[in-house]
Structures are given as structure tokens and as C-alpha cells.
Amino acid sequence: MTEKDNHNEEKELRADEMSDQQTSDNVADNASAEDGEGEIPVENAEEKDPLDIALAKIDEVTTKYKYLAAEFDNYRKRTLKERAELILNGGEKAIVALLPVVDDMERALKNGEKTDDPVVLREGMELIYQKMMKTLESLGVKRIETEGADFDTDLHDAEALVPGMGDDKKGKVIDCLATGYKLNDKVIRHAKVAVGQ
């Protein structure tokens, strides 16, 4: 080997060493970049895991559900309490409206002890009856009219059938044995009647 050949080999060795050094520097740079140092954008580092997002939504929905369930439970308890109070005290309006009539009856009884005149007693009873009917009408109670009416099973109960009344009285109310009443157009007591046969 000549000196020239030795010199060329040394050059090639140095070039190979420099190439190896550059390659190892590039590998080190790439490794540091993959570790999160250097060139990764901030947005990618802050992205959340889809599982974490889904779990957060589940927690939010669960919390809302629990609040709604608690609100509904409170509403249910409140309505049950109100219904119980309504059943217990539902007749309060009617009773308060009837108390003045009771007062009139008490006064009539006291005054009845002072007189023996049946006409005075009868007039007092009629006044109390009229006051009672006005009070009931103010509460929505109405009498079921039966005089000359056709028999209607929605309004009347037939207590007796009266034969031999003629064709014009057949199926008609002949007599009212007990008055029927409606409350706001709902029958609360059927009229007990005798019907022509």
C-alpha cells in the first residue's frame, strides 16, 4: 500500500465516523421529540381521553337524575299530604255554609217553647227550609224535578209501579216518594218515584 492509499483510507474512516456521529445526533433529537420535549404542539398535549369525557358526562347525567328523582319524590309526598287534607276537610265549605241554617233551627226550637200556635211554628219552619234550599243552591245542589216527568233511570229509582193509570200516564212519574238531588249536574241522590204502568 502506498502512502496515498493510506491517506485515502483515513479520509474514508473520518467520513464514516462523522456520518455515524450525525446519525446518532439525529436519533437523539428524534427520541427527545417523542418524549414530549420540543416540537409537539400544545394542543395535542392537552387533548383529553374520550373515556374521561364520557365518564364526566355520565357523572353529570347521574347528578341531574338524582336531583329530579328527589324533586319528584318531594312532589309525590306533598300531593299525598294535600289529598289527605282535602279528603279530611273537603266538606268544610258546605258545613260553614250550613251553620247559619243550624243557628236558625236552634232559635226556632227555643221560640217554639214559648208559643203553642201551630201557624207561627209552621211559618218559622218554612223560612228555615227556604234558607236551607238557597244555601244548597249556592253550593251547586239542585232538586231533580219529577212532577209530570217521563221515567228516566239516570235520574229516578222506581219504588213502585202503579197499574190502571191509563195510556197517557204509562212510563210517567206518578208520585215522588223522596226528592233526588244533583251536585253540579252530577246525580248525588236519585229521586225515589212511583211510575205508571
Less than 3.5 Å apart, which donor and acceptor atoms pair up between the side chains of residues 123-136 and the rest of the protein, not counting sequence neighbours?
unit_1: E126; atom_1: OE2; unit_2: R122; atom_2: NE; d: 3.3
unit_1: Y129; atom_1: OH; unit_2: R143; atom_2: NH1; d: 2.9
unit_1: K131; atom_1: NZ; unit_2: D104; atom_2: OD2; d: 2.9
unit_1: T135; atom_1: OG1; unit_2: K131; atom_2: O; d: 2.9

* Please report the closest heavy-atom contact between V195 and A158, naming both atoms and the distance. => CG2-CB, 4.0 Å
* Asked: Do V141 and E137 have side chains that get closer than 4.5 Å, going by heavy atoms?
  -> no
* Asked: Quick one: salt bridge (charged side-chain N to carboxylate O under 4.0 Å, His left out) pairs with a partner in residues 49-59, sequence neighbours left out?
  -> none
* For K172, what residues pass the side chain to side chain donor-acceptor pair (under 3.5 Å) criterion, not counting sequence neighbours? -> D150
* Apply side chain to side chain donor-acceptor pair (under 3.5 Å) to E60 and list each qualifying residue two or more places apart in sequence or on a separate chain. => none
N/O donor-acceptor pairs under 3.5 Å from side chains in residues 173-190, not counting sequence neighbours:
unit_1: R189; atom_1: NE; unit_2: T179; atom_2: O; d: 2.9
unit_1: R189; atom_1: NH2; unit_2: T179; atom_2: O; d: 2.4
unit_1: H190; atom_1: NE2; unit_2: D154; atom_2: O; d: 3.3

Which donor-acceptor pairs under 3.5 Å do the side chains of residues 71-83 make with protein atoms, sequence neighbours left out?
unit_1: D73; atom_1: OD1; unit_2: R76; atom_2: NH2; d: 2.6
unit_1: D73; atom_1: OD2; unit_2: K77; atom_2: NZ; d: 3.4
unit_1: N74; atom_1: ND2; unit_2: A70; atom_2: O; d: 3.4
unit_1: T79; atom_1: OG1; unit_2: Y75; atom_2: O; d: 3.1
unit_1: T79; atom_1: OG1; unit_2: R76; atom_2: O; d: 2.9

* Asked: If two hydrophobic side chains count as joined below 4.5 Å and joins carry through other members, does M105 share a cluster with L98?
  -> yes
* Asked: Would one find more than 12 heavy atoms of other residues, nucleotides or ligands at under 6.0 Å from atom CD of E92?
  -> no
* Measuring from I95:CD1 to L139:CG, what's the distance to the nearest 0.5 Å? -> 11.0 Å
